A.B. asks: 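Let me begin by handing over the structure; questions about it come next.
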Amino acid sequence: MPELPEVETIARGLRTGESGRPALPGMMVEKVSIRWPGHIAEPSIPVFTRRVRGRVIRDVSRRGKFVVIPLDRETLLIHLRMSGDLQVAPTAAAPDRYAHTVFHLSEGWDLRFSDARKFGRVYLAQDPQSVLGTLGPEPLDPDFTPAVLSLRLRNHRRTLKPLLLDQTFIAGLGNIYADEALHRACLHPLRRSDSLRREEAERLWQGIREALQTGLQHNGASIDWVFRGGDFQNHFRVYQRTGEPCPICGSSIARIVLGQRGTHFCPSCQPEVES
DNA sequence: AGCGTCACCCGGACGC
DNA sequence: TGCGTCCGGGTGACGC
């Protein structure tokens, strides 16, 4: 489940090049191999194949959990979902069995979208806003102030944890960083969004920023999906630490299910009543 | 309208 | 070995 820090780490690597692999900007897509049609969300496969051919990659960036690749015409948008990974590899090297979509680039290089669980999606859009338009604010953007978060929280009467996972509320958080952010903010995941006092909303803002920035410093977390490099998984405070001691107070980390998602928290640091 | 819940898409991991 | 179950991001259906 690549979330904001993992997607950002992947996007940076593709933009600048890494470990002997070239940077993507400036390279041309000579053709695309689609081994599993379900990967292509839009447009249709024939149209996608035709329109992407001959395009030059201008940049690689990120919006929410999307990898955004502007071409000289149109924009390629890739959502990695659960198990997706993007790698640059020599065309001559055998692709792994999950490389369902492969862009053959200039100079003998591939951009490979490997995705074991096939949840990922590729979009080719004239206007990237048609795909990204519903996303909420970027949590690390300077415009995302505590006041902005506070206002958005009060505009809903929703359970905190599922609200943090709602990409239209805030873009980029997934299960890991939502749990880690709530723990840092000392807020119970069942709290109602409109019940937070100003000081609590500020704590949540801080918790979100700290969790994401710490994840970024560790190049993201490597669990479940094939992702090399990141080691934030060794620094989780609550996520997937059910029964283990809270790093702050030593209490046993609890796990509940909220909105069909495993939710990890410290019952002592994150009391259900106002703190 | 806003909210919560659930099914669905997949296949790896794991328990029995 | 071979089942069954769990997990999860995002979307859409449904009911309140």
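In what follows, chains are A, B, ... by sequence order, proteins preceding strands, each numbered from 1. Since the structure is predicted, the reported quantities are computational estimates derived from the model, not experimental observations.
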A.B. asks: Just call it for Gly262(A): base, sugar-phosphate, or nothing, with non-hydrogen atoms closer than 4.0 Å on any strand.
C.D. replies: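 The residue Gly262(A) makes sugar-phosphate contact but no base contact.
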A.B. asks: For Gln167(A), answer base if it contacts any base atom (sugar-phosphate contacts may also be present), sugar-phosphate if it contacts only those atoms, and nothing otherwise; contact means non-hydrogen atoms under 4.0 Å.
C.D. replies: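 Touches sugar-phosphate only.
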A.B. asks: Taking atom types as modelled, find out whether Thr49(A) and Arg53(A) have a side-chain donor-acceptor pair closer than 3.5 angstrom.
C.D. replies: no
A.B. asks: Any side-chain N or O of His79(A) under 4.0 Å from OP1/OP2 of dG9(C)?
C.D. replies: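 For dG9(C), neither OP1 nor OP2 has a side-chain N or O of His79(A) closer than 4.0 Å.
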A.B. asks: Which of these nucleotides, dG8(C), dC10(B), dG12(B), is closest to any side-chain atom of Arg97(A)?
C.D. replies: dG12(B)
A.B. asks: dG9(C) phosphate, OP1 or OP2: any side-chain N/O from Tyr177(A) under 4.0 angstrom?
C.D. replies: no
A.B. asks: Tell me whether the side-chain N/O atoms of Arg192(A) come closer than 4.0 Å to OP1 or OP2 in dG4(B).
C.D. replies: yes
A.B. asks: OP1 or OP2 of dG12(B) versus the side-chain N and O atoms of Arg117(A): is any pair under 4.0 Å?
C.D. replies: no
A.B. asks: For Phe119(A) and dG10(C), are the ring centres under 5.5 Å apart with planes inclined under 30°?
C.D. replies: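 It does not: the two rings, one from Phe119(A) and one from dG10(C), miss the stacking criterion.
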A.B. asks: Just say parallel, tilted or perpendicular for the rings of Phe113(A) and His39(A), cut-offs at 30° and 60°.
C.D. replies: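 Aromatic pair Phe113(A)/His39(A) classed parallel.
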A.B. asks: When you get a sec, tell me which of dG11(B), dG8(C), dG9(C) is the closest nucleotide to the side chain of Tyr239(A)?
C.D. replies: dG8(C)
A.B. asks: Assess whether a salt bridge exists between Glu200(A) and Arg191(A), defined as any Lys/Arg side-chain N lying under 4.0 Å from an Asp/Glu carboxylate O.
C.D. replies: yes
A.B. asks: Between Tyr177(A) and Glu6(A), does any side-chain donor sit less than 3.5 Å from a side-chain acceptor?
C.D. replies: yes
A.B. asks: Answer yes or no: does a side-chain N or O of His156(A) lie under 4.0 Å from OP1 or OP2 of dG2(B)?
C.D. replies: no
A.B. asks: Leu173(A) CG to dG10(C) C1': how many Å, rounded?
C.D. replies: 15 Å
A.B. asks: Within this structure, what is the CG-to-P distance between Asp115(A) and dG10(C), rounded to whole angstrom?
C.D. replies: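 Nearest whole value for this atom pair: 13 Å.
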A.B. asks: To the nearest Å, give me how far apart CG (Leu258(A)) and C1' (dC6(B)) are.
C.D. replies: 15 Å
A.B. asks: Is Asp179(A) salt-bridged to Arg261(A), going by a charged N under 4.0 Å from an acidic O?
C.D. replies: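 No, this pair does not count.
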A.B. asks: Please determine if a side-chain N or O atom of Ser83(A) lies less than 4.0 Å away from the OP1 or OP2 oxygen of dG8(C).
C.D. replies: no
A.B. asks: Report yes if a side-chain nitrogen or oxygen of Tyr98(A) is closer than 4.0 Å to either non-bridging phosphate oxygen (OP1 or OP2) of dC10(B); otherwise report no.
C.D. replies: no
A.B. asks: Between P on dG9(C) and CD1 on Ile170(A), what's the gap in Å once rounded to a whole number?
C.D. replies: 15 Å
A.B. asks: Using whole Å, what does the distance between atom P of nucleotide dG9(C) and atom CG of Asp166(A) come to?
C.D. replies: 13 Å
A.B. asks: Using the six-membered ring of Phe169(A), assess whether NZ or CZ of Arg152(A) lies under 6.0 Å from its centre and within 45 degrees of the ring axis.
C.D. replies: yes
A.B. asks: Between the side-chain atoms of Arg121(A) and the base atoms of dG10(C), is any donor-acceptor pair under 3.5 Å?
C.D. replies: no
A.B. asks: Collect all protein-nucleotide pairs involving nucleotides 3-5 of chain C in which both atoms are nitrogen or oxygen and the distance is under 3.5 Å.
C.D. replies:
none

A.B. asks: Using a cut-off of 4.0 Å on non-hydrogen atoms, how would the nucleic acid contact of Phe66(A) be classed: base, sugar-phosphate, or nothing?
C.D. replies: nothing
A.B. asks: Checking Gln167(A) side chain against Leu165(A) main chain: does a donor-acceptor pair fall under 3.5 Å?
C.D. replies: yes
A.B. asks: Report the distance from atom CH2 of Trp36(A) to atom C1' of dC10(B), rounded to the nearest whole Å.
C.D. replies: 8 Å
A.B. asks: Roughly how many Å is it from CG in Asp85(A) to P in dC10(B), rounded to a whole number?
C.D. replies: 20 Å
A.B. asks: Over all strands shown, is Arg158(A) touching base, sugar-phosphate only, or nothing at heavy-atom distances under 4.0 angstrom?
C.D. replies: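 Sugar-phosphate contact only.
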A.B. asks: Nearest whole Å is fine: how far is dG8(C) P from Gln260(A) CD?
C.D. replies: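 Going from Gln260(A) (CD) to dG8(C) (P), I get 11 Å.
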A.B. asks: Under a 3.5 Å threshold, yes or no: a donor from one side chain and an acceptor from the other, between Gln206(A) and Glu210(A)?
C.D. replies: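 Note: Gln206(A) and Glu210(A) side chains meet the donor-acceptor criterion.
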A.B. asks: For the pair His235(A) and Phe232(A), name the ring-plane relationship: parallel under 30°, tilted 30 to 60°, perpendicular over 60°.
C.D. replies: parallel
A.B. asks: When you check the phosphate oxygens OP1 and OP2 of dC9(B), does a side-chain N or O of Lys118(A) lie under 4.0 Å from one of them?
C.D. replies: no
